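Note that these values count all heavy atoms, side chains included, but never hydrogens, waters or copies made by symmetry. Just so you know, ligand 1 is whichever comes first in the structure, and atom 1 is the first atom listed for that ligand. In this chain, residues are counted from 1 in sequence order. The structure presented is a predicted model; accordingly, all values stated were derived computationally and were not measured.
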Amino acid sequence: MKSILWFRRDLRVNDNAILAHAKGEVLPIFIFDTNILSGLDRDDKRVSFIYQSVLQLKIDLQILGLDLAVYYGDPELIFAQLKQDGFKSVLCSCDFDAYALQRDRQIETILEMKRFYDSYLLHPSLHVKADSTPYRVFTPYYKALHPLWMSDYIEQFVPAKNLQLAKANFTSVPTLSDMGFVMQKLPDFLYKSSSDHLEDFVAKIEHYKENRDFFALDGTSNMGIRLRFGLISPKQIFNRVKREVGSEFYIRELFWREFYAYILYHFPQTQYENFNDSEVAYENNERYFQAWCDGETGFPLIDATMRHFNQTGLMHNRLRMITASFLCKNLLIDWRWGEQYFAKKLLDYEASSNIGSWQWAAGTGADAAPYFRIFNPCLQSEKFDAQAKFIRSIIPQLAQCTPKSLHVEGGLGENLFLDYPKPIISLAVSRQKALAAFSKKTV
Ligand SMILES: Cc1cc2nc3c(=O)[nH]c(=O)nc-3n(C[C@H](O)[C@H](O)[C@H](O)COP(=O)(O)OP(=O)(O)OC[C@H]3O[C@@H](n4cnc5c(N)ncnc54)[C@H](O)[C@@H]3O)c2cc1C
């Protein structure tokens, strides 16, 4: 029986569930899905990254004696053709995003689908409370997984032996320009192999806990995008870092990723709706939103973060928390607007983590930051980057300003020679407004 191995968010050959469960004649495939690509900008960096990753996967599969057929089109039409070519089933890894669920339902009407779970450590359905309902708060969820995160090693998948490449009609790989995209320059760390990238991080993991919040330092792993597209599995990361002193805190972060996937799986409506049923009187001022997107708010840390983000698709976790809090609370703009903007640009965009984290920041989510917790971007700037290295490296006209002037609200106002926007809001006034909007309306 000929089967299709459909690679989607598992672009690797090691610890890959579909390669482990495959038998006999197989055709590994990847589809550049026109339904997804049509919604993206021509210069979307993620498409460049996926493209280079797909080419590497093709080489890695060839080393195993297989190959990768790369298609560009509508999955429904491609599977209808593959059915006619004699394929009987599709093996793929689970994907719980709303579009993926709907797409899989359509494909299932064409060919039998066998799904495997290897993008996360644990299937969300396997971990519930004693009363069989899902956890809603991170700490008890995490504590109850003690046996898993205390283990030294989690068994990995090994590719099945004796697989044969099924005959099929596939020729050359479409180029990026065939698909309407332009190759983009990516951050240097994305040109390394996943194992080299992980080893670079392991060399500094000892200092992860103390450095991870200092956004001018390179203290975190930058593994988000590799996890998102499955160039490395969470088990591979877990098993490698577990051998290192000081890995506990990092492993806990990996479980935040698990937790948000868990929440979206059990509460799919939270993609669009507040998790905790609160109602907030947002003002949704479009001019403020645009200033936030463009990095023109007059708050140097917010502006540097957004400008850097627009150029690179990268944003440090603490800066995500600060800019999200600023948008939802100081500017009183609906978290869904910010979530969508991040979804469009974040290199490591993952629906579950993005939605969960935005709801956390807005105070509407699972385990949410309380409504009265409003990050002060000036205090955060001073605390986590005292020398203002980050701001000064991103905004050229601020390069010569003193750190003090950059950490104080309106601190640049006295500099008549500086062409820089004035703060669009007052932190104190907007804070009071937010407290009223959230405390009155939150149920
Ligand atoms: C508003 C907002 C939006 C976010 N959107 C996303 C998103 O779309 N995709 C995404 O992967 N993460 C998201 N995060 C979580 C976090 O910011 C990123 O995972 C992290 O910055 C990625 O960088 P890193 O790999 O260097 O992280 P590290 O600090 O090295 O952490 C290692 C891994 O743990 C996981 N992780 C760490 N923190 C979190 C967290 N708070 N929630 C979920 N997983 C976490 C990630 O997979 C990360 O790669 C968001 C956070 C906020 C506040």
Novice: Quick check on ring pair (Phe, Tyr, Trp, His ring centres under 6.0 Å): which of Tyr349, Trp335, Phe342 does Trp358 satisfy it with?
Specialist: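 Per the ring pair (Phe, Tyr, Trp, His ring centres under 6.0 Å) rule, the option paired with Trp358 is Phe342, out of Tyr349, Trp335, Phe342.
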Novice: Determine, for Phe214 and Arg318, whether the Lys NZ or Arg CZ falls below 6.0 Å from the six-membered ring centre while staying within 45 degrees of the axis.
Specialist: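 No, Arg318 does not sit over the ring of Phe214.
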Novice: Identify the residue among Arg228, Arg226, Arg320 that makes a salt bridge (charged side-chain N to carboxylate O under 4.0 Å, His left out) with Asp348.
Specialist: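 For Asp348, the salt bridge (charged side-chain N to carboxylate O under 4.0 Å, His left out) check succeeds only for Arg320.
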Novice: Quick one: do Arg257 and Glu350 make a salt bridge, cutoff under 4.0 Å?
Specialist: yes
Novice: Is the charged tip of Arg336 near the ring of Tyr272: under 6.0 Å from the six-membered ring centre and within 45° of its axis?
Specialist: no
Novice: For ligand 1, would you mind listing the residues that have at least one heavy atom less than 4.0 Å away, ordered by chain and number?
Specialist: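 Answer by chain and number: Tyr208, Thr220, Ser221, Asn222, Met223, Gly224, Leu227, Tyr250, Glu253, Leu254, Trp256, Arg257, Tyr260, Asn317, Arg320, Met321, Ala324, Phe342, Leu346, Asp348, Tyr349, Glu350, Ser353, Asn354, Ser357, Trp358.
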Novice: Any salt bridge linking Arg115 with Asp104? Criterion: basic side-chain nitrogen under 4.0 Å from a carboxylate oxygen.
Specialist: yes
